[in-house]
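Just so you know, residue 1 is the first one in the sequence shown, and it goes up from there. This one's a predicted model, so the numbers in the text were calculated from it and none came from an experiment.
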Amino acid sequence: MYDEYKKSVEEGQCTEKLGEMFLTLTEHMLRSPSFNRYPKEVKEDLRGHAIVKLMKSLTTVNLAFTPHQIFNFATRAAYTAFLSELSRHYKQANIKRAATRKYLEGAPFIDARTREDMISEIDAFEASLAEKKALRKK
């Protein structure tokens with residue numbers, strides 16, 4: 001990987017072999033237990049975001065790194081790209097849930113019983129998320 005990084009930095013563009021290495025690296029990382037539970041669509045977004053970050057890293061990589069440090073650098077860059085994409089994804093989901101709840105609370109044409117059921121479902125889902133988060137912290 002070090003030789004391909006060096007060649008890519010000198011040429012100013014990513015080599016095909018390094019691109020394949022990036023794809024393989026992200027594939028293996030997405031199979032780990034940390035990311036395995038996400039649906040296929042989210043994994044595709046994670047992979048794409050990580051590859052873009054890895055391509056951008058070609059301009060910032062320090063060629064004084066050893067081959068082992070280059071692999072650690074690439075792995076860490078992909079991992080942080082996964083986390084940033086997931087935080088963006090969940091922020092969007094939280095905004096949608098809050099907007100749905102606000103809409104349901106003020107919707108006069110929905111049956112009151114149905115509206116209350118929908119709001120309670122949202123509340124139950126948010127409570128289960130809070131429980132999972134508390135368990136992860138422990």
Output for pair (M21 CE, L54 CG), nearest 0.5 Å, gives 12.5 Å

Measuring from atom CZ of F82 to atom CG of L30, what distance do you get when rounded to the nearest 0.5 angstrom? 4.0 Å

Roughly how far, to the nearest 0.5 Å, is CD of E4 from CZ of F22? 10.0 Å

I need the I51 CD1 to S57 OG distance, nearest 0.5 Å. 11.5 Å

Side-chain heavy atoms nearer than 4.5 Å, only ILVMFWY residues, links allowed to pass through others: does that put L46 and L23 together? yes

For the residue pair A78 and M29, what are the closest heavy atoms and their distance? CB-SD, 3.7 Å

State, to 0.1 Å, how close K53 and A81 come at their nearest heavy-atom pair, and which atoms those are. CG-CB, 3.6 Å

Salt-bridge present (E20, K17; N to O < 4.0 Å): no

So do the side chains of L25 and F71 get within less than 4.5 Å of each other, counting heavy atoms only? yes

Between CD of E85 and NZ of K43, what distance do you get to the nearest 0.5 Å? 15.0 Å

Got a second to check how far R37's CZ is from S32's OG, nearest 0.5 Å? 10.5 Å

Answer yes if L83 and V42 sit in the same cluster of Ile, Leu, Val, Met, Phe, Trp and Tyr residues linked by side chain heavy atoms under 4.5 Å apart, and no otherwise. yes

Side chain to side chain contact (heavy atoms under 4.5 Å, CB included) for L86 and F35? Distances and angles first, verdict last. CA-CA 10 Å; L86 284 173; F35 303 107; 3.8 Å; yes

